Structures are given as C-alpha cells and as structure tokens.
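Everything below concerns the one structure shown next.
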Amino acid sequence: MTNQQERGESAASDEAVSGATDSPSGPRDNAVREPPVCSNEYENKLEAHRLLDLHFDQLLASLLDDESLRTVMKEGLHRALREDRVRAADVFGAARRALGGDKDGSDDDVAEEGRISVLPVPVVRHVMTFLSVKDILGRAACVCRAFERHSRATECYQALHLDDALTKSMSRARISFDRFRSTEKATISLARVPPLQGRRQTALKKLLSSLPGLRHLVLMKLKTRHAIDLLSTLHKTPATAQSLRTLKVSFYSRPGMPAKTVTDSHSWPHIGRLEELDMSMIPPSLNLAPVATGVRGVRENGLARVKLNFAAQPLQGLVEHVAQVVWETSRATLVQLHIGGSIDKGVLQYVLHQLYSSPSARLLSLDATELTLTNMTAVLTPPPPIPPYDNAVQRPPLGCRLTAVAILLLSRRHLLFLLQPFICVAPAAATGAGGEVPVVTVYFPAGLESHRRLAEAVGRAMERIRGERQGGLAETAHVSSDDRDTSQSKQVGRFSLGGWLWGLRRQCRLQWNLMTGSKAVVFL
Amino acid sequence: METAPMETEQRLVKLSSSQGDVFEVEFGTACYADVVKQMIDFTSESSDAETIPLNLKTTVLEKVLQYCDYHRDNEPKEIPKPLPTTNLGEIVGDWDAAFINVDDENMLYELILAANYLDIKPLLDLACAKAACAIKHMTPDAIREHFNLQPEQMTPEEEQEMLEELKWCTDGGAA
C-alpha cells in the first residue's frame with residue numbers, strides 16, 4: 001500500500017466517538033435500537049449505509065416480493081445517500097418506524113441507557129463477551145445499571161462457565177439466575193466440589209431450570225457420584241433437558257483410582273432432542289445401562305454423533321452396556337461414532353457386532369483414532385456371527401450400506417480385526433444405498449502399508465463391497481496431497497496396495513492420502 | 001474463498017481517510033472489509049478510478065489496511081470466549097498480538113470502531129479481546145473510569161444490593 005498524499009495533521013484523538021453502531025456479533029443486536037448520535041455527518045451516513053444493508057430486506061419484505069427489485073431499490077438508496085439526495089436521519093427514522101421498535105421497550109432502554117462516551121454500548125457489550133462470567137458478574141455488572149439490564153438479553157451470558165470454586169460457592173447465597181435466560185452453553189466443573197446434595201443440589205437445580213435456552217451442556221471433572229447427582233438434577237428439569245442439543249461429560253480420573261462398580265440406579269434425563277453425546281474419561285465404575293436407556297428416547301433424526309472414550313478398561317460386566325449404548329444410538333440416526341481410550345478387545349468386539357448388525361442407515365464415520373486395544377491375543381477371534389437382519393425392517397446389515405467408514409488403526413491386527421465384518425459379512429442386495437459410492441477410509445501407521453496380508457484383507461473387503469454394488473461405483477481416482485506427504489502416498493500405492501487397488505479403480509472411488517505425521521491414510 | 005481472476009487481484013483501489021489522505025491498495029486487501037467491498041461494487045458501476053472515502057483517521061485507516069493486507073492471506077485465529085488467558089500472544093499468535101499492542105488506548109478504541117464500521121469481524125474480535133484483557137482485573141469503579149461511564153450509574157444502595165446478590169461469584173475464589 002502506498003500513501004499518495006502527504007498526511008494531514010492528526011485530528012484530535014480525544015474526540016468522543018460515541019455513536020450507535022450495530023454490534024457485528026450477530027443478528028440479535030438490533031441496530032435500529034441505537035439512535036444515530038454520531039456528531040459527524042459522514043459517520044451517520046456510513047451508518048445509514050450499513051443500516052440499509054442490514055435491514056433493508058426486512059423493511060421491504062412485506063411490500064415487495066421480488067428480490068431483484070428490492071436489490072435495485074437498495075442500490076438506488078445507497079446511491080442517493082452518497083449523492084446527498086437522501087439524509088441519513090431519514091433512513092434511520094424510516095427504519096425505526098418500519099421495524100416498529102422493540103416489543104420489550106428497547107426505546108426506553110436506549111433513553112435510560114444513555115451513551116457511553118468512549119464506546120457505544122453494543123461494542124462494550126462485545127468487549128464483555130470475552131470476559132468470564134465471573135468477571136462480568138463480579139465487576140462489569142456493577143459498573144452500570146443499564147449495562148446489566150441490557151446484558152441480560154444479550155450474548156454476554158450466552159456462555160456460562162462455572163469453575164470449581166464458583167460451583168462450590170453457588171449454593172451459599174440467594175441467587176437470581178434470571179440474567180442467564182439467554183445462556184446457550186453452560187460449562188460446569190466440579191473437580192473439588194463435594195457431592196451435590198442439599199443446598200448445593202438445590203442451587204444447581206435452580207440454575208438448570210433457569211436456562212430454558214440451554215443448547216450445550218458441558219460437565220467437567222465429574223466424579224461418578226456427581227454424574228449421578230447431576231443427571232438426576234437434569235432429569236428433574238425437563239424443560240432444560242429437552243432443549244439440549246449436545247451433552248459432554250468428562251469424568252475425573254486419577255491414575256490408580258480403584259475401580260468400583262456403581263450400583264446406584266439413576267435416571268438418565270429425557271433428552272429427546274440430543275444431537276451429540278460425548279462422554280470422555282469414562283471410569284470403569286460407571287454404569288452405562290441408563291445411558292443406553294436414555295438414548296433410546298432420542299427422537300428420530302436426533303442423535304447423530306456419539307463419542308465414548310474410556311479412561312480405563314471397562315469391567316467385563318459392563319461390556320454389554322457399552323454395546324447396548326452403541327446399539328441404541330445406531331438404531332437412531334447415528335452419523336459419527338467415536339470410540340477411544342483403553343478398551344478391551346472383547347468390548348470392541350461386542351460394540352462392532354452391534355454396530356455392524358444395526359439397522360442404521362446413516363453411519364458415515366467410525367472413528368477409532370484414540371483407541372488402544374488391550375488384552376489382544378495372538379490369534380484373533382472373528383466377531384460373533386451377524387444375525388440375519390430383521391426382515392420386517394427391510395434393511396440390510398450396515399456393512400453394505402455404509403457411505404464411508406473411517407477407521408484408524410494402530411496395528412495390522414486392528415485392521416484385520418476391524419475389517420473382518422466387511423470380509424465375512426455377505427451383504428444383502430444393496431437396497432437402501434441410494435446408489436451412493438461406498439468409501440472406506442482406512443488409517444494405519446506408515447510401515448504397515450506393504451504388508452501382504454493387509455493388502456489382501458483390504459482387497460477382499462473391497463471386492464466384497466464391489467460385488468454387491470453391481471457396478472454402481474464411480475470411476476474416479478485421484479491422489480489428494482493437501483499438506484501431506486505425497487511421495488509416501490505414491491509409495492503406498494506403488495508398493496503395497498497398488499496391485500489390489502489398481503484392479504479396483506474402475507469400480508471404486510479411489511483416493512490415496514497421507515495424514516501428517518506417521519499415520520498413513522488410504523481412501524478406497 | 002473464491003479465487004478472483006488475476007486482473008481483479010492486481011487491480012488497485014483508492015481509499016481515502018477523513019483527513020484526505022489516499023491509500024492505494026490491492027483489491028484483495030480492500031475487500032477484506034465487507035463494507036468497502038460493497039462500496040467498490042457500487043463505485044465500479046460508475047467509474048473505476050473513483051476514490052472511496054472512509055470516515056477514518058489516516059493513522060487508523062493505515063493500521064486497518066495493515067491488518068487486512070496481512071490477513072487476506074493468513075487466516076486469523078478464532079478467539080475463544082471467555083479468554084483463557086490475558087496473554088493474547090498465546091491465543092492469536094505473535095503477529096496479531098504485536099499488531100494490537102498499541103500504546104495509545106484511543107487508538108485501540110478507534111480500531112474497534114473502525115472494525116465495527118467496516119465489518120471486519122476478526123479485527124473487531126481482536127481489538128475487543130485486547131480491551132477485555134485491560135479491564136479484566138479492574139474494579140467496577142475503574143471500569144467506569146476506563147470507559148468514561150457517566151450516566152445511569154447505580155446508586156450506592158443499588159450497587160450494594162447487586163453486590164450482595166452476586167457475592168457467590170466474587171467470593172468464589174480463583175477463577
């Protein structure tokens with residue numbers, strides 16, 4: 001960039017730049033609520049341009065159905081503004097009248113609110129969103145009455161983060177949670193918090209019941225006892241539970257923590273609209289049976305992503321519960337399944353059994369990126385035979401209807417193990433596939449790609465899939481390098497799987513790729 | 001982002017500050033600001049050589065263009081809310097941290113306002129995050145003074161009432 005002219009003297013920097021601007025943070029901020037108070041006429045004009053862009057469609061939507069006509073009119077108004085044929089003030093007035101102000105009496109708010117002389121209120125509010133709730137409540141809320149009132153309906157409280165100390169002290173005082181009615185995401189950490197009983201649980205229940213718009217709930221560092229209390233509390237606040245879309249539960253786990261089975265029967269809240277369930281550091285002591293029962297209640301087209309990450313090897317008695325969770329979720333509309341952590345081969349076997357035989361039609365990704373199999377034996381046992389699928393449902397087994405499966409493998413054993421269903425299961429006719437190309441994504445460490453058995457396993461799997469596809473596959477093949485090591489990618493193709501894949505490339509969509517680091521990725 | 005044709009990429013755009021200084025910048029740099037892009041669209045209908053006037057001081061415009069020029073090819077990092085630390089360098093990277101580390105507080109506010117007007121959300125977030133870092137540990141009185149808040153201040157009674165109500169979070173120990 002070049003400065004073409006000699007710069008003039010700097011204008012007085014202490015000029016008050018108070019003005020009504022629309023916070024760009026989202027459509028919630030209503031620009032017309034803020035009066036045009038800029039002292040500078042040009043700034044007003046700029047704001048008028050902005051107002052037109054933001055609200056013009058809304059202004060004219062009821063009058064003109066033709067979008068192109070609205071566009072022409074908007075451009076005309078912009079031009080008229082630039083040529084001073086329309087005053088900025090008139091645009092503001094028209095917008096205010098057309099939009100009818102705010103039902104909550106925002107005009108009064110503006111009048112009472114006055115102006116902040118350094119920055120407009122919406123901008124200050126945007127600044128506040130970067131502070132923690134503790135900062136906002138403890139300091140900023142006391143700064144200005146108008147700001148506090150204004151903030152209640154704004155984004156400042158959309159993310160509520162209660163750390164250990166705040167959670168602990170929450171039950172001490174008379175608390176009004178009204179200001180959190182706009183909260184969409186709540187993160188509650190309970191690392192050093194005693195069991196949620198008595199006043200503490202009452203406060204938490206009050207909090208949860210005060211969040212009608214809660215969409216995302218993150219529960220961190222939970223002890224098993226907390227999990228039971230919290231889920232029980234959530235169960236008693238059905239309105240909040242019903243609004244939840246994502247639930248992330250992270251357990252508190254210490255190395256060497258003795259495993260004990262929690263036998264308490266607790267109710268899983270009815271989260272009928274849950275879309276994502278993420279449970280990490282699951283202790284072996286947690287009884288997952290209620291989870292399976294709970295996810296059964298998720299409505300059609302609901303739960304799409306499930307992540308189960310185990311802190312320690314689940315007790316054998318809970319294996320069936322894990323499999324049951326997978327079964328119940330895959331019965332719905334599961335799209336992504338992530339299984340990670342330390343897990344017994346037997347557990348995985350059960351899980352895969354359930355998964356491959358589930359009637360789900362949408363599973364796109366099975367991610368075992370963080371999986372560490374334990375108790376592996378030298379001789380791999382094939383998964384249990386897949387039972388005939390339910391003819392009443394008229395859906396073939398999962399394996400032949402997958403549009404993509406992503407499996408990260410840590411060893412050749414894992415690959416063979418995980419690919420078994422593709423090899424052993426004889427998929428029925430590819431009904432319900434919608435003619436989609438099956439893409440099997442296999443991740444494995446570099447160094448394994450030349451293994452003959454690996455190639456054979458992949459090849460057999462693909463042949464099986466190909467055979468069921470009846471030639472309905474795309475004839476594309478390309479190497480995607482991105483930021484990955486293309487040379488290795490070629491090597492994979494040339495020396496190992498190439499023979500198999502080359503023969504398949506006319507039948508399958510073929511992609512070779514490499515991840516960063518040592519993991520190789522082959523898209524078949 | 002769509003790749004613009006070579007001719008468009010090499011096209012120069014003239015932007016003038018409120019003090020009359022004209023900056024000639026590349027099309028991609030200017031269009032990083034949505035509002036400027038819209039203005040370019042309008043002006044291109046009439047005349048290619050038209051200078052687009054912006055109501056920004058020269059120093060502010062220069063700074064904004066510096067940001068746009070850098071980030072048109074370097075995707076800015078998203079800033080988490082709430083800020084995990086007041087050390088912005090850890091969050092946004094060294095370049096952005098150095099860029100926003102302005103000595104003059106007024107310059108920071110003017111950058112906020114400029115980003116707001118020009119609809120450059122990453123810059124707005126960066127500048128607001130910087131401002132948030134500054135007030136993070138301030139008392140209510142200090143925040144009032146910082147933002148020069150005069151009207152609609154609470155009465156001592158009201159403030160006391162609110163402090164009582166929010167005691168649970170101020171006594172809660174370290175965040």
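Keep in mind it's a predicted model, so treat the numbers as computed, not measured.
- For the residue pair B:Gln66 / B:Asp69, no side-chain donor-acceptor distance below 3.5 Å is found, with atom types taken as modelled.
- Residue contact with chain A, scored on non-hydrogen atoms closer than 4.5 Å, involves the side chain of B:Ile112 exclusively.
- Residues B:Leu108 and B:Asn106 fail the side-chain proximity criterion, which asks for heavy atoms closer than 4.5 Å.
- Side-chain atoms of A:Thr183 never come within 3.5 Å of backbone atoms of A:Lys185 as a donor-acceptor pair (strictly under, hydrogens ignored).
- Contact annotation for B:Asp34: neither backbone nor side-chain heavy atoms come within less than 4.5 Å of a heavy atom of chain A.
- The choice from B:Ser17, B:Ser16, B:Ala129 that makes the most heavy-atom pairs within less than 4.5 Å of chain A is B:Ala129.
- The neighbour count for B:Asp94 CG, taken as heavy atoms of other residues, nucleotides or ligands under 6.0 Å away, does not exceed 12.
- Using a 4.5 Å cut-off between heavy atoms, B:Pro80 touches chain A through its backbone atoms (N, CA, C, O) alone.
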